[in-house]
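The structure appears right after this line, and notes come after that.
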Amino acid sequence: MSRALVLVDIQNDFCEGGSLAVEGGAVVAARAAERVLADRDRVSGEYTAIVATADWHHDPGEHWARDGEPDFSTTWPVHCGAGTPGAEFHPSLQPALPHVDEVFRKGGYEAAYSGFEGAASDSTTGLADWLRGRGITDLDVGGIATDHCVRATVLDALSEGFAVRLLADTIAGVAPETTEAALVEMVDAGATTASSSA
């Protein structure tokens with residue numbers, strides 16, 4: 001078994017003060033950083049690799065509700081524009097970034113919820129191939145938002161054959177009802193849950 005940590009969309013626009021803020025986003029960022037730093041301080045860390053995903057929108061079409069009210073289901077406030085401060089990783093995650101092996105950016109010209117829709121810095125390698133190329137079989141997943149991008153990433157990871165452990169105290173969702181439904185769906189699909197405490 002070889003395990004990777006996948007940090008989903010811990011970006012300014014998804015944390016308090018951002019254009020699509022999720023309550024608890026800043027806490028998720030801090031806990032994710034603690035997890036990474038604790039792992040890297042060990043003589044033999046748990047993770048073969050640490051990766052992050054990020055919304056990186058240029059023109060995602062109707063995903064951005066530019067004219068009118070977003071429905072918060074398929075249309076959203078403008079967020080995570082490529083190169084904008086809102087698309088940057090949250091400051092509380094910054095201490096962990098030197099230990100992140102690759103960032104997978106997604107959603108340039110379309111809605112993209114799953115990290116498996118993103119591409120590495122070479123613009124061609126997807127997350128599944130990148131992980132398999134390093135012999136990784138198991139994933140720990142944390143990030144934002146539980147009921148959208150975390151959910152999509154976990155379900156895609158399971159469909160790709162990875163074993164998934166969801167870090168239950170390192171996620172935050174948009175709404176209680178959809179968050180609870182997403183947690184049930186992920187567990188029913190085969191994910192397990194665990195505390196991220198080091």
Side-chain angles (χ1 to χ4, degrees), residues 1-11 14-16 20-40 42 45-55 73 89-90 92-93 96-97 99-104 106-107 112-118 126-128 130-132 134-198:
M1 181 187 76
S2 184
R3 184 177 297 276
L5 176 61
V6 180
L7 302 174
V8 179
D9 297 6
I10 306 177
Q11 297 167 267
F14 297 135
C15 297
E16 291 84 350
L20 189 47
V22 174
E23 184 177 351
V27 171
V28 166
R31 287 181 177 160
E34 289 168 5
R35 180 77 176 181
V36 170
L37 296 175
D39 187 74
R40 290 311 185 226
R42 295 189 183 104
E46 183 175 14
Y47 299 120
T48 301
I50 297 171
V51 301
T53 72
D55 269 12
S73 175
F89 291 112
H90 189 273
S92 293
L93 188 64
L97 294 181
H99 305 287
V100 170
D101 297 296
E102 187 61 84
V103 176
F104 292 83
K106 57 191 174 69
Y113 294 93
S114 171
F116 287 85
E117 297 177 80
L127 180 54
W130 192 94
L131 293 168
R132 287 193 188 102
R134 285 151 184 81
I136 291 164
T137 57
D138 292 53
L139 307 179
D140 280 1
V141 179
I144 308 168
T146 309
D147 37 351
H148 295 283
C149 295
V150 170
R151 170 190 169 275
T153 300
V154 167
L155 294 177
D156 278 357
L158 292 166
S159 72
E160 290 282 353
F162 296 99
V164 178
R165 186 168 64 181
L166 184 65
L167 300 177
D169 63 356
T170 311
I171 52 176
V174 172
E177 298 81 7
T178 52
T179 295
E180 181 59 31
L183 290 170
V184 169
E185 184 180 8
M186 287 185 281
V187 170
D188 285 350
T192 60
T193 60
S195 168
S196 71
S197 299

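Predicted, not measured: the structure shown is a model, and the values here were computed from it.
Rounded to the nearest 0.5 angstrom, L183 CG and T178 OG1 are separated by 9.5 Å. In this structure, L155 CG and S114 OG are separated by 8.5 Å, a value rounded to the nearest 0.5 Å. The distance from the CZ atom of R40 to the CZ atom of R35 is 11.5 Å, given to the nearest 0.5 Å.
Of the possible donor and acceptor atoms, none in the side chain of D147 sits under 3.5 Å from a partner among the backbone N and O of A182. T146 contributes a side-chain N or O that, together with a main-chain N or O of A172, makes up a donor-acceptor pair within less than 3.5 Å. With Q11 contributing its side chain and H90 its backbone, the two residues share no donor-acceptor pair below 3.5 Å. Looking only at distances, no side-chain donor or acceptor of T53 sits under 3.5 Å from a matching main-chain atom of F104. A side-chain donor-acceptor contact under 3.5 Å links S159 to the backbone of D156.
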Check against side chain to side chain contact (heavy atoms under 4.5 Å, CB included), E160 and L131: CA-CA 11 Å; E160 290 282 353; L131 293 168; over 6 Å; no
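The aromatic rings of F162 and F116 sit tilted relative to each other, their planes meeting at an angle between 30° and 60°.
For E23, the CD atom is loosely surrounded, since the number of other residues' heavy atoms within 6.0 Å does not exceed 12.
Between R3 and D140 there is a salt bridge, since at least one side-chain N of the basic residue sits less than 4.0 Å from a carboxylate O of the acidic one. Salt-bridge annotation for D101 and R134: absent, with no side-chain N of the basic residue lying under 4.0 Å from a carboxylate O of the acidic one.
Under the 4.5 Å side-chain criterion, counting only non-hydrogen atoms from C-beta, V6 is in contact with V8. At least one side-chain heavy atom of D9 sits under 4.5 Å from a side-chain heavy atom of K106. Contact of the V150 side chain with the L166 side chain is registered, since non-hydrogen atoms from C-beta on lie closer than 4.5 Å. Using a 4.5 Å cut-off on side-chain heavy atoms (C-beta onward), L7 and V36 make contact. Under the 4.5 Å side-chain criterion, counting only non-hydrogen atoms from C-beta, F89 is in contact with V103.
Taking all atoms of both residues into account, the shortest heavy-atom contact from A49 to I136 is CB-CD1, 3.7 Å.
Just one residue in the list L93, V27, I144, V22 forms a side chain to side chain contact (heavy atoms under 4.5 Å, CB included) with C15, and that residue is I144.
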